[in-house]
Amino acid sequence: IMINQTVLILGKSSEASLALGNVLRKKISKVLFRSDNIFFKEDIEKIKPEFIFLDLSLGQSETSLEILKWIYSQKKKMIIFAYTESTAVASMPELIAHGIELGLEGCFAVPINEIELEKALFLALKAQNSLRRKSLQQPQKALLRLQMKIVSIDENGIKLKSPHYLSKGT
């Protein structure tokens, strides 16, 4: 099934970006790639993509999160996924967690599982106009109760042990 949408891939010129582009071209009618993150704001304004695939390892990795923050501050109606080479950065789980906190739909590791990608695109399009999507556009507060054990307390704070992943500062 071909989706009549525009995708903008923001990432480094790498094998991962090229592989992602090749997979997306099988599913989406217009796929554009930009590797110069200095002009990403202009590219987004000109192209007006429905989907953005953002390389999580841009610059010092903070660059991709800055781009994501900017997009959401502009209240642009785009569906944003992240991608990365599966072995790219040791702190990738933390980057993905921060990205999801900022509003990412999901993250893909390259090489891409085409069935997983197609399913994610379909679900994102389906949810785009739903009430659930509108409620997630603004940060929502929640009270979670997670099982944790206090390991130590020192001048730096409390160290906890838990089977749940929590990014620093949560």
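Just so we're clear, the structure is a prediction, and the values are computed from it rather than from any experiment.
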Show, in sequence, the C-alpha distance, side-chain angles and deciding distance for F53 and I112, and conclude whether the side-chain contact (heavy atoms from CB on, under 4.5 Å) test is met. CA-CA 12 Å; F53 279 78; I112 300 288; over 6 Å; no
Is there a side-chain contact (heavy atoms from CB on, under 4.5 Å) between L160 and V151? Walk through the geometry before answering. CA-CA 5 Å; L160 303 169; V151 176; 6.0 Å; no
Decide side-chain contact (heavy atoms from CB on, under 4.5 Å) for L121 and Q5; before the verdict, give the C-alpha distance in whole Å, the side-chain angles of both, and the deciding distance to 0.1 Å. CA-CA 11 Å; L121 292 171; Q5 305 284 340; over 6 Å; no
Residues I44, L10; criterion side-chain contact (heavy atoms from CB on, under 4.5 Å); working and verdict: CA-CA 10 Å; I44 291 170; L10 295 172; 4.3 Å; yes
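Side-chain N or O atoms of S162 include one that pairs as donor or acceptor with a backbone N or O of Q147 at under 3.5 Å. K48 contributes a side-chain N or O that, together with a main-chain N or O of E45, makes up a donor-acceptor pair within less than 3.5 Å. At least one donor-acceptor pair under 3.5 Å links the side chain of D154 to the backbone N or O of G157.
Using a 30° and 60° split on the angle between ring planes, F81 and F108 fall in the tilted class, from 30° to 60°.
L68 CG to I80 CD1: the interatomic distance, rounded to the nearest 0.5 Å, is 5.5 Å. K26 NZ to E118 CD: the interatomic distance, rounded to the nearest 0.5 Å, is 11.0 Å. A distance of 9.5 Å separates CG in L123 from CD in E105, rounded to the nearest 0.5 Å. Note: I71 CD1 to L104 CG = 9.0 Å, rounded to the nearest 0.5 Å. To the nearest 0.5 angstrom, E114 atom CD is 10.0 Å from N22 atom CG. The distance from the CG atom of L54 to the OG1 atom of T84 is 10.5 Å, given to the nearest 0.5 Å.
Considering all non-hydrogen atoms of both residues, G11 and F33 come closest at O-CZ, 3.5 Å. The minimum heavy-atom distance between R34 and D43, with the atom names listed, is CG-OD2, 3.3 Å.
L32 is not listed as a side-chain neighbour of P49, based on a closest heavy-atom distance of 4.5 Å or more.
Transitive grouping of hydrophobic side chains (ILVMFWY, heavy atoms separated by less than 4.5 Å) keeps L18 and Y83 in distinct clusters. A continuous path of Ile, Leu, Val, Met, Phe, Trp and Tyr side chains, each step under 4.5 Å between heavy atoms, connects L146 with I158, placing both in one hydrophobic cluster.
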